[in-house]
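Note that these values count all heavy atoms, side chains included, but never hydrogens, waters or copies made by symmetry. No experiment lies behind these values; they were computed from the predicted model shown.
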Amino acid sequence: MTKTIEITAENFEDEVLNSKVPILVDFWAPWCQPCLMMGPGLEDLSEELDGKLKIGKLNTEIPSNQMLAAKYQIQSIPNMKLFKEGKMIKTFIGLRPKESLKLELGEAVDLS
Amino acid sequence: MEKYDLIIIGSGAAGLTAGIYAARYNLNFLIIGELQGGAISEAHKVCNYPSQNNISGFELTKKIVEHLKELEGEIVQERVKEIKKEKDFFKIQTNKKEYFAKKIILAIGREKQILNVPGEKEFLGKGVSYCATCDAAFYKNKIVAVIGGGNVAITAALLLAEHAEKVYVIYRRDNFFRAEPAWIKQLEKENKIEPIFNSNVKEIFGKNSVEGVKLDTGKEIKLDGVFVEIGALPKEIISRSLGIKTEKGYIITDKNNQKTNINGIYAAGDITNNNLKQVITACAEGAIASTTAYEELKLEK
């Protein structure tokens, strides 16, 4: 049972860039209703994909996180970016059911 | 098999209010919805709901959901794929499960309209946005445009003016005749906002992200973000498959009881052919729909 991880400017390198498994980083903000609706689905997926994929959440409202939001050119949320071996390989924008997200993730990384 | 007296499809203002009434009628009911609050969840400000003179759509949604939860109303976040009439029940297939309901309230609302111009898809999330409340904060000191001229467009422009350096409002008509005068007055006071009338966006252009728009007047505007707020269209798939009568896609309802032409199916909120698409009318229709369901269920028992 693995819950999502909170990603911050401090742990970004360790948790995201140096992650051994692919990691999906959800750039979100508390004022964004679609982001909040994405939340439970991401928690479920995090448990379902335990060991194959990590899921992290980065709150763009926190000032120290805003450099990262700018670096990855976040202009629309929910915005989920998939990182593999330290590289950002795919972006998912907008609310979607967790099943669709799982399928899309499966096309980009090996989840079997 | 999960059987309910009533299933409400949609978790916007209409669906949530239908739920509050259903809970107080002690019905065995469930709400299935994708986005809590629906259209209002993304509204910058709601100022015309009695007792709420200045509340964000986000906060109002939270309050209505809390109200429903205090009454032990249940919401599941699923997408309805198909509804079929079976013997005594409607079978509802979602992306996760099958549910069965004696009565259904359709409170499925509308979908935001897209511009359908070159660059719109390409720059989604790279300068093109459909949710000002979600994304306004990413445009600090930038130049943006809101496309549209209704209440949603104007409130989006007011919100953006709190963050951006300059906000154009590009509208196809020659004045904001569709918007509430109270909003227009506020907009006119805001010197960061500049309306551009009689214009349609022909193209959104840029390299890695949006750099500008081309208008059908020949004008070109350099900017960093485009917020599309040109209205919404009713979701038609469900009504079509059930044979529900519609008018321009909106479900025709009997205003006395929110019944549709199909027995046991009612409709409420922005999906109906009502004249005013507002929170208060959506809530009212949700309340009436639940009451009709309750009365019909009572007669059947």
Side-chain angles (χ1 to χ4, degrees), chain A residues 24-48 57-82 88-106, chain B residues 11-12 32-44 56-62 65 75-81 94-97 112 121-140 142 144 159 162-164 206 208-210 224-228:
Chain A
L24 182 74
V25 181
D26 172 33
F27 292 79
W28 72 288
W31 58 71
C32 160
Q33 184 75 19
C35 299
L36 300 186
M37 302 307 296
M38 212 49 237
L42 292 176
E43 293 299 332
D44 287 355
L45 272 186
S46 178
E47 289 182 4
E48 279 172 38
K57 289 173 68 87
L58 188 143
N59 182 348
T60 59
E61 191 191 19
I62 297 170
S64 58
N65 286 345
Q66 281 164 9
M67 284 289 284
L68 282 170
K71 185 178 171 198
Y72 288 97
Q73 295 171 329
I74 305 299
Q75 290 179 298
S76 261
I77 50 174
N79 194 320
M80 294 159 279
K81 294 199 183 290
L82 182 62
M88 202 268 285
I89 58 166
K90 205 170 176 184
T91 295
F92 309 90
I93 291 169
L95 176 64
R96 60 198 72 209
K98 87 172 195 212
E99 285 76 14
S100 335
L101 179 60
K102 195 175 169 182
L103 283 178
E104 289 173 290
L105 287 167
Chain B
S11 54
I32 304 174
E34 286 179 72
L35 179 66
Q36 286 178 16
I40 53 157
S41 72
E42 294 176 3
H44 168 40
S56 68
F58 183 83
E59 275 300 313
L60 185 58
T61 298
K62 221 169 104 188
V65 171
I75 312 175
V76 293
Q77 193 190 354
E78 290 170 32
R79 178 173 288 179
V80 172
K81 292 200 153 162
T94 73
N95 57 329
K96 276 192 194 155
K97 271 188 194 168
K112 281 193 173 178
K121 254 194 203 151
E122 192 187 339
F123 294 116
L124 171 68
K126 297 173 182 168
V128 173
S129 169
Y130 300 91
C131 177
T133 50
C134 303
D135 301 336
F138 300 113
Y139 289 87
K140 262 188 197 104
K142 302 265 170 117
V144 299
L159 168 66
E162 292 174 17
H163 301 273
N208 299 318
S209 61
V210 169
D224 309 293
V226 176
F227 289 79
V228 182

What part of [X] is in contact with chain A, defined as an atom under 4.5 angstrom from a non-hydrogen atom: side chain, backbone, both or neither?
X         : value
Ser209(B) : side chain
Tyr130(B) : neither
Val210(B) : neither

Exercise. Do you know which two heavy atoms are closest between Ala137(B) and Trp31(A), and how far apart they sit?
Worked result: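 Nearest heavy atoms, Ala137(B) then Trp31(A): CB-CZ2, 3.6 Å.
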If you count heavy atoms of other groups shown closer than 6.0 angstrom to [atom1] of [X], is the number above 12?
X        : atom1 : result
Met67(A) : CE    : no
Lys81(A) : NZ    : yes
Gln66(A) : CD    : yes

Structural part of [X] lying under 4.5 Å from a heavy atom of chain B:
X        : result
Ile77(A) : both
Thr60(A) : side chain
Glu99(A) : side chain
Pro40(A) : side chain

Point-to-point distance, once rounded to the nearest 0.5 Å, from [atom1] of [X] to [atom2] of [Y]:
X        : Y         : atom1 : atom2 : answer
Asn79(A) : Phe138(B) : CG    : CZ    : 8.0 Å
Ser76(A) : Phe123(B) : OG    : CZ    : 13.5 Å
Lys62(B) : Leu36(A)  : NZ    : CG    : 9.0 Å

Problem set entry | Main-chain N/O of Gln36(B) paired with Gln33(A) side-chain donor or acceptor, under 3.5 Å |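 Flag set: sc Gln33(A) to bb Gln36(B) pair under 3.5 Å.
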With heavy-atom distances below 4.5 Å as the criterion, would you say the side chains of [X] and [Y] are in contact?
X         : Y        : answer
Leu35(B)  : Pro34(A) : yes
Gln77(B)  : Met37(A) : yes
Pro97(A)  : Glu78(B) : no
Asp135(B) : Gln75(A) : no

Exercise. So which of Asn95(B), Asn208(B), Asp224(B) has the largest heavy-atom pair count under 4.5 angstrom toward chain A?
Worked result: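 Heavy-atom pair counts peak at Asn95(B).
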Problem set entry | Which of Ile74(A), Leu95(A), Thr91(A) touches chain B most, by non-hydrogen pairs under 4.5 Å |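 The option with the most such pairs is Ile74(A).
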